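This report concerns only the one structure given below.
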Protein chains: 2
Amino acid sequence: MTDLLLGRSATLVLEGVRQRIRAGELREGAQLPAERDLAALFGVARNTVRQALERLESEGVLVRQVGRGTFVRQGVREGLNEREPASAAPAAVTLSQRMREASPADLMEVRLIIEPQAAALAANRASSTDLERIREALRHSIAARGLAEFEHWDAQLHLRVFEATKNAVLIDYCRAINRVRDEPAWYQLKKRTVTLELRTVYDRQHGTLVEALADHDPEATRTAMREHLLRVSRNLLGEG
Amino acid sequence: MTDLLLGRSATLVLEGVRQRIRAGELREGAQLPAERDLAALFGVARNTVRQALERLESEGVLVRQVGRGTFVRQGVREGLNEREPASAAPAAVTLSQRMREASPADLMEVRLIIEPQAAALAANRASSTDLERIREALRHSIAARGLAEFEHWDAQLHLRVFEATKNAVLIDYCRAINRVRDEPAWYQLKKRTVTLELRTVYDRQHGTLVEALADHDPEATRTAMREHLLRVSRNLLGEG
DNA sequence: ACCAATTGATCCAATCGTGAACCAATCGGT
DNA sequence: ACCGATTGGTTCACGATTGGATCAATTGGT
């Protein structure tokens with residue numbers, strides 16, 4: 001990676017560009033002046049300009065392309081919070097952080113959009129070893145004594161279904177969801193609402209889900225996951 | 001090690017610098033004048049200045065670096081905070097970085113899972129101002145001259161549909177998708193495949209999508225988005 | 001007179017910024 | 001389809017500035 005320390009002139013250019021983006025002078029997708037022009041504009045050498053641009057590119061604020069130019073990247077608005085003068089840290093927000101800030105209702109809505117479809121995909125693609133791993137998680141979840149243990153294997157089950165899709169983005173999404181479940185606020189929410197009989201309901205729903213997966217029946221799998229999540233949503237958020 | 005005793009002039013410089021730091025005249029991370037300038041400033045020889053600076057450096061108040069300068073150390077209040085968490089989880093990765101590494105096929109699969117459903121949600125919740133913003137993006141996309149301009153307004157259109165869902169997680173997802181589109185690799189892929197007549201096809205599909213949204217017809221909106229993305233996927237990835 | 005502090009000077013090594021040249025990818029007009 | 005202009009990518013040598021180190025000469029208090 002490039003040096004984390006920049007010299008005087010380079011910092012000047014860096015902050016100058018940041019400023020123009022914050023001020024709306026450079027909007028999303030807008031093209032910056034050529035490096036040679038920027039150098040003249042800031043009264044520094046081109047090499048110095050490049051140092052600043054490299055930094056901004058590594059932060060994900062800019063996109064550079066040979067022969068085309070330098071552009072402000074899309075979706076930078078929320079990443080340009082006011083920062084302390086000497087701070088070099090970019091506004092790198094992780095997926096799980098984003099989800100953590102989201103409302104439970106929003107998150108359950110997203111789960112209801114993604115997970116049934118993903119499960120249907122998994123029904124088409126699950127290998128026998130995938131199915132065995134999923135069944136294992138189900139067994140552990142049923143045998144779980146405390147809520148924490150149940151939670152762990154429940155999360156594992158969902159994750160292993162996603163792993164069966166073989167889609168890296170989906171697997172990552174599920175990992176992020178599971179991380180949110182570990183959040184104290186969510187755990188408390190579950191502790192209040194997840195009774196012992198409810199766990200048996202969940203186990204039964206998981207069972208029909210696994211059966212549908214084993215049958216490689218996408219439609220049945222989708223509805224099974226959907227029913228399960230609807231139940232979870234109702235119990236977690238109230239009868240909304 | 002250096003002597004613990006300093007002479008008159010050296011102590012003068014030492015206290016002078018300490019004073020300026022206490023007074024806020026020199027903030028954390030600020031750069032001190034060069035040793036030669038400090039010498040002139042305090043009216044003493046450079047060697048004397050160096051003695052004072054060495055003392056302050058050994059105290060952890062200053063940081064000196066050859067060729068760069070002398071700086072007030074950051075976090076002077078911190079004593080021995082060497083223990084950083086350095087968590088084992090790969091949580092320091094942003095959503096868009098994850099997507100960047102993903103294969104186009106995986107990403108389009110995810111888009112086909114999420115975006116039709118999200119569009120259906122938008123059909124239920126879109127306000128009149130939402131619809132106007134979406135229509136505006138469509139107009140610009142149709143009027144666009146170059147590929148870059150078209151790409152920008154196409155991304156804006158999809159984003160504004162997601163904004164109509166009022167779901168923060170979904171909006172964030174779309175921003176991440178749009179950031180991936182800025183990736184040079186994806187731009188190249190489009191440049192090779194997106195011809196002028198294909199753009200008119202996309203514009204038409206966008207048109208029916210917007211109509212369905214305006215009618216608040218979730219089902220029609222879902223199929224419109226689905227058809228559109230299927231077309232995009234076919235053109236981008238080949239007739240898979 | 002003694003002696004530590006201070007001075008003035010010189011050279012070294014690291015860093016930064018500059019200027020220039022050249023390469024490679026892209027775009028636009030012919 | 002080609003060519004020229006534009007743009008980012010790369011490398012190099014040079015000068016300026018900065019802290020690092022050393023030494024002989026000077027100063028000033030005891």
Side-chain angles (χ1 to χ4, degrees), chain A residues 2-17 30-58 61-73, chain B residues 1-17 30-58 61-73 144-151 182-196:
Chain A
T2 60
D3 292 332
L4 276 83
L5 263 24
L6 287 181
R8 233 188 71 265
S9 303
T11 307
L12 189 131
V13 176
L14 194 150
E15 292 305 326
V17 174
Q31 179 170 16
L32 272 68
E35 291 180 354
R36 292 162 176 89
D37 296 339
L38 279 176
L41 219 148
F42 283 96
V44 298
R46 188 179 158 220
N47 274 348
T48 309
V49 170
R50 299 200 84 252
Q51 287 183 26
L53 295 189
E54 272 166 23
R55 173 68 74 86
L56 286 170
E57 186 184 25
S58 76
V61 177
L62 298 180
V63 173
R64 297 197 287 176
Q65 213 169 340
V66 188
R68 232 163 82 75
T70 303
F71 303 85
V72 180
R73 213 164 171 187
Chain B
M1 275 307 171
T2 62
D3 295 347
L4 279 87
L5 267 19
L6 290 181
R8 280 181 2 267
S9 303
T11 310
L12 188 135
V13 175
L14 195 151
E15 291 306 325
V17 173
Q31 179 170 16
L32 273 68
E35 290 181 355
R36 291 161 175 91
D37 295 340
L38 278 177
L41 217 145
F42 284 95
V44 299
R46 190 183 155 217
N47 279 350
T48 311
V49 170
R50 299 199 84 254
Q51 287 182 23
L53 295 190
E54 271 166 24
R55 174 66 134 268
L56 286 170
E57 186 183 24
S58 75
V61 178
L62 298 182
V63 174
R64 296 198 286 176
Q65 207 170 344
V66 189
R68 251 174 84 71
T70 304
F71 303 84
V72 181
R73 193 165 193 192
R145 288 191 309 267
L147 174 59
E149 200 178 343
F150 174 77
E151 270 296 296
D182 283 337
E183 212 67 19
W186 283 81
Y187 188 84
Q188 308 263 349
L189 195 55
K190 297 227 169 138
K191 206 181 65 180
R192 283 213 322 271
T193 57
V194 177
T195 63
L196 221 113

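Letters A, B, ... mirror the listed sequences (proteins, then strands); counts begin at 1. Because the structure is a prediction, the values reported are computed rather than measured.
Interatomic distance, A:Leu5 CG to B:Arg68 CZ, rounded to the nearest 0.5 Å: 4.0 Å. Here the CG atom belonging to A:Leu62 is positioned 5.0 Å from the CG atom belonging to A:Leu56, to the nearest 0.5 angstrom.
Between A:Thr48 and C:dT18, a side-chain N or O to OP1/OP2 separation shorter than 4.0 Å is present. For B:Gln188 and C:dT26, the shortest distance from a side-chain N or O to OP1 or OP2 is below 4.0 Å. Between A:Arg64 and D:dG9 there is a side-chain N or O to OP1 or OP2 distance below 4.0 Å. Phosphate proximity of C:dC27 to B:Tyr187: present, with a side-chain N or O under 4.0 Å from OP1 or OP2.
As a whole-Å value, the separation of A:Glu57 CD from D:dG9 C1' is 11 Å. Distance CZ (B:Arg50) to P (C:dC12): 16 Å, rounded to an integer number of Å. In this entry the distance linking CG of B:Asp37 with P of D:dT18 reads 6 Å, nearest Å. Between the CG atom of A:Leu6 and the P atom of C:dG17 there is a distance of 8 Å, rounded to whole Å. Rounded to whole angstrom, the span from the CD atom of B:Glu149 across to the C1' atom of C:dC27 amounts to 15 Å. In this structure, B:Leu12 atom CG and C:dA5 atom P are separated by 16 Å, rounded to whole Å. Between A:Leu53 atom CG and C:dG17 atom P there is a gap of 14 Å when expressed in whole angstrom units. The distance between atom CG of A:Leu56 and atom P of D:dG8, rounded to the nearest whole Å, is 14 Å.
The shortest non-hydrogen separation linking A:Val13 to A:Ala52 is CG1-CB, 3.8 Å.
Residue B:Ser9 is the one, among B:Gln65 and B:Ser9, whose nearest nucleotide of DNA chain C lies closer to the 5' end (criterion: closest heavy atom). Comparing B:Arg68 and B:Asn47 along DNA chain D, the residue whose closest nucleotide (by nearest heavy atom) sits nearer the 5' end is B:Arg68. Mapping B:Gly43 and B:Gly67 onto DNA chain C via the closest heavy atom, the residue that lands nearer the 5' end is B:Gly43.
Taking 4.5 Å as the limit, some side-chain heavy atom of A:Arg64 sits within range of a side-chain heavy atom of A:Glu54. For the pair B:Gln188/B:Glu183, no side-chain contact is recorded, criterion being any heavy-atom separation below 4.5 Å from C-beta on.
Among the atoms of the strands shown, only primed sugar atoms or phosphate atoms (P, OP1, OP2) are found under 4.0 Å from some heavy atom of B:Arg8.
The base of D:dG19 lies close enough to the side chain of B:Arg36 for a donor and an acceptor atom to sit less than 3.5 Å apart. For D:dG20, the base has a donor-acceptor partner in the side chain of B:Arg46 [N/O atoms by modelled type, under 3.5 angstrom].
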